[in-house]
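Some notes on the structure that comes next.
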Amino acid sequence: MTQPNLAPIPELYVSADSAQKLKTEAGNMPSWDLTPRQICDLELLMNGGFYPLKGFLTEADYNSVVEDMHLTTGDIWPIPVNLDVSQDFADKIEPGQDIALRDQEGVILAILSVTDKWVPNKAHEAEQVFGADDLAHPAVNYLHNTAGPVYLGGPITGIQPPTHYDFRGRRDTPNELRAYFRKLGWRRIVAFQTRNPLHRAHQELTFRAAREAQANLLIHPVVGMTKPGDVDHFTRVRCYEAVLDKYPAATTHLSLLNLAMRMAGPREAVWHGIIRRNHGLTHMIVGRDHAGPGKNSKGEDFYDPYAAQELFRKYQDEIGIEMVDFKQMVYVQERAQYEPRDEVEDGATILDISGTELRRRLREGLEIPEWFSFPEVVTQLRRTSPPRNKQGFTVFFTGLSGSGKSTIANALMVKLMEMGGRPVTLLDGDVVRKHLSSELGFSKEHRDINIKRIGFVASEITKNGGIAICAPIAPYTATRRAVREMVEAGGAFIEVHVATTLEECERRDRKGLYKLAREGKIKEFTGISDPYEEPVNPELRVQTEGVDVDHAAQQVLLKLEGMGLIGLK
C-alpha cells in the first residue's frame, strides 16, 4: 500500500533577503525573456514540481532522458526540460556565465548558471520522445518551428515565482498541497489529470477511481499550455467550479497545475505521475489515450489507446505512485448509467458524444443532453462557444504574387459588409507592410514576422467577434500553421488557396516584378528564387483563370455558409 511522504519537498528559491540582493546583481547580467512554455517549466522547477531536477537539463542528462527516460543519476525522468534559445543569444553566452531569466514583462524570476550549451538533434528527440518526427504532433511542430535551435542547461537559483492574477485561490505549490493533506489527515489521495471540461463520464470515472483506491480525490487540471484548439483554461476552470458541488466537499479538492503539456502520450503519463508524486499524491488515474495528441499525418492515432497505462505500470515503482487504470466510460441507455466500455454486454444500447460532436453541437446551437454533461457546464461552454453565426472568424487567402488574392479579398469584404452583422477588417499584405511592418525586409525571417503580425491582429479581431480577411503571399506552411493556431483560439480559420499558376501570375504582372526576379534584380522572390509551399488541405482552393472575381468571391461565401459562419439569403 502506497503511503504518502508529506514532508516538504526541496524548492529552488533563495530567502527573501538573498532574492533582493540577487535581483540587483541580475540587473547587470545578460537576460533571456522566457516564452510561455519556459515560464511554466521554470515555475515547476523552482517550486519542486519537477523534483529531482535542480535546473534545466545538462547535455548529458538530456541525452540520457531522450535515450532511456532516466537522468544520469539513475532517477526516472521521461521528458527533456531545457532552455531553448535563439542562435543570436546563444552566440553571446558561454558555459560558466550566469543569465537572468525574465518573464514577458521583464521581471527577473531566476538566475541560470549555464554549464552546458549545445545544438540538439531535434529529429532524433522527436523520434525518441514523441514516437515520430511528424509535424502533425503539436509538440514536434513546436520543437521544429517555435523552439530555439540551441539548448542551455544548468542549475537554477529561484528569485520569485511567476505572478498569476487568475484563480489565485485555486493554485497550490507542491508544498502547499502537502501541507493541506497533512492538515486534513488525508493519507491516500488519487489525482485526476485533465485538460478538458468535466462531463458526467468524468465524474463517474473519478468516483469509481477514488472508491477503488479507497482514497480522497484531487481534481488537478492543467492550466498551462495544452493542445492548440483546446478549450481555454478560464472557461475550463469555471466549468470545474460549476460542478464541484457534485462531489463530497470533505473528500475532494480542486487545484490548478501550471504545466506546459507536451502531449507525449506514454512518456507524458510517466511525467504526470512524477509531478503528482511531488505534490504529495499516492495514486493517479491514467485513462484511455492519456495525453494523446490525436491523429498523425497519415490519419492514424499517434499512440495505442492503452500504451500510456502499460508504460506507467512498467515504471510504477520508480515513479513512486500507484496507477488507477480506467477504460473508456460509456452511457448504457437501458440502465441509465455510465459503465466501463469493456464491461457492457453485447446488444446493450451505448450512447456517447465525441469531442468533435460536442463542438459541432455547440457550434450549431444544438441540444446537449443531460446524460452527457451537466447543465452548469453546458452554460459555461455556450458562453465562450456561441453558435458559429455569432462567432468571429478569419479568412486567410494565400497564393503567389499576382494570383488575385487582394482582388478577391476586396470583393469578399464588400459582400460581407453588405450583409452586415459583424465588423469586417481587410489585412492586405501591402497595406500591412506599410503600416505594421515598414521596417522589415523580405528575408524568410522578416516575412515570417510580417505574417505572424497579420495573424496576431486577425486573432484579436476574431476573438472579439469580428471578421478578419487576410491576403498575404504567406509562402511557408509552418508560418500559416502558427497563424491558424493563434486564430483558432478565438474562432474559425478558413484558409483559401488562390491556386493561380506561376505562368498566369507572370502573364498578369503589371509591376514587372517577375521579370526583375528572373533577371536576378530582386532576390528571394516567391515562386522564382524562393519556394512557395502549397497548402495541402486548405478549407477552399480557388482557381482564377477564366473565372471572374465575383464568382471567386461567391465561392468563398458559399464555403462560409456551409460552415455555418454566415447565413445567405
Side-chain angles (χ1 to χ4, degrees), residues 34-41 62 66 78-87 119-151 195 222 224-232 259-268 271 289-303 355 394 396 398 444-445 447-456 458-459 472 474-490 492-495 497 531-539:
L34 297 159
T35 65
R37 184 160 104 170
Q38 291 168 349
I39 290 173
C40 290
D41 287 350
Y62 164 82
V66 167
I79 300 291
V81 178
N82 291 96
L83 188 72
D84 57 280
V85 298
S86 66
Q87 188 66 57
V119 176
N121 181 341
K122 290 187 176 182
H124 183 67
E125 179 180 334
E127 289 279 358
Q128 294 297 108
V129 177
F130 304 108
D133 188 18
D134 184 340
L135 292 177
H137 194 299
V140 175
N141 181 61
Y142 185 98
L143 189 64
H144 287 301
N145 294 314
T146 302
V150 183
Y151 286 1
R195 53 175 239 276
V222 170
M225 296 173 69
T226 57
K227 181 183 172 186
D230 279 353
V231 176
D232 70 272
L259 173 71
M261 288 182 68
R262 274 44 166 193
M263 308 305 297
R267 279 195 181 221
E268 181 111 3
W271 195 39
D289 195 28
H290 184 99
K295 305 290 185 187
N296 62 20
S297 54
K298 295 177 183 173
E300 302 159 350
D301 290 338
F302 267 98
Y303 309 116
T394 290
F396 192 91
T398 173
K444 181 181 188 304
E445 181 189 4
R447 277 189 279 185
D448 277 351
I449 292 170
N450 182 52
I451 300 304
K452 286 176 181 174
R453 286 179 184 176
I454 292 173
F456 172 74
S459 71
Y476 308 120
T477 302
T479 316
R480 294 194 300 263
R481 176 171 173 163
V483 171
R484 178 184 289 274
E485 289 178 359
M486 275 191 270
V487 170
E488 286 186 338
F493 181 86
I494 303 91
E495 184 177 49
H497 177 211
Y532 177 77
E533 299 171 0
E534 284 199 5
V536 177
N537 293 304
E539 276 71 15

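Remember, predicted model here, so these are calculated numbers, not experimental data.
Pairing each heavy atom of Asp134 with each of Asn296, the nearest pair is OD2-CB, 3.3 Å. Between Gly148 and Asp84, the closest heavy-atom pair is N-OD2, 2.8 Å. Tyr303 and Phe130 get closest at one heavy-atom pair: OH-O, 2.9 Å. Nearest approach of Val85 to Pro149, heavy atoms of both residues: O-CD, 3.2 Å. Nearest approach of Asp41 to Ala260, heavy atoms of both residues: OD1-CB, 4.3 Å. Across all non-hydrogen atoms, the minimal contact from Ala474 to Arg480 is O-NH1, 2.7 Å.
Note: Leu259 CG to Trp271 CH2 = 4.5 Å, rounded to the nearest 0.5 Å. Distance check, rounded to the nearest 0.5 Å: CZ of Arg262 to CE of Met225 gives 8.5 Å. Distance check: Met263 CE to His290 NE2 gives 9.0 Å after rounding to the nearest 0.5 Å. Taking CG from Asn82 and CD from Gln38, the interatomic distance works out to 10.0 Å, rounded to the nearest 0.5 Å.
Listed by chain and number, the residues in a salt bridge (charged side-chain N to carboxylate O under 4.0 Å, His left out) with Asp301 are Lys295 (sequence neighbours excluded). Looking at residues two or more places apart in sequence or on another chain, you find a salt bridge (charged side-chain N to carboxylate O under 4.0 Å, His left out) between Glu488 and Arg484. Evaluation of the salt bridge (charged side-chain N to carboxylate O under 4.0 Å, His left out) rule for Lys122 yields no partner, not counting sequence neighbours.
A donor atom on one side chain and an acceptor atom on the other are not found under 3.5 Å apart for Glu485 and Tyr142. Donor-acceptor pairing under 3.5 Å is lacking for the side chains of Glu495 and Asn537.
When each of Leu135, Val140, Asp448, Thr477 is tested with Asn145 by the rule side-chain contact (heavy atoms from CB on, under 4.5 Å), just one qualifies, namely Leu135.
With hydrogens and angles disregarded, no donor-acceptor distance shorter than 3.5 Å links the side chain of His144 to the backbone of Asp133. A distance-only check finds no donor-acceptor pair linking the side chain of Glu268 to the backbone of Met261 [under 3.5 Å].
In this structure, the side chains of Leu83 and Leu34 come closer than 4.5 Å at one or more pairs of heavy atoms. Contact annotation: the side chain of Val483 never approaches that of Ile454 to less than 4.5 Å [non-hydrogen atoms, C-beta and beyond].
Under the 30°/60° scheme for interplanar angles, the aromatic rings of His497 and Tyr532 are found to lie parallel.
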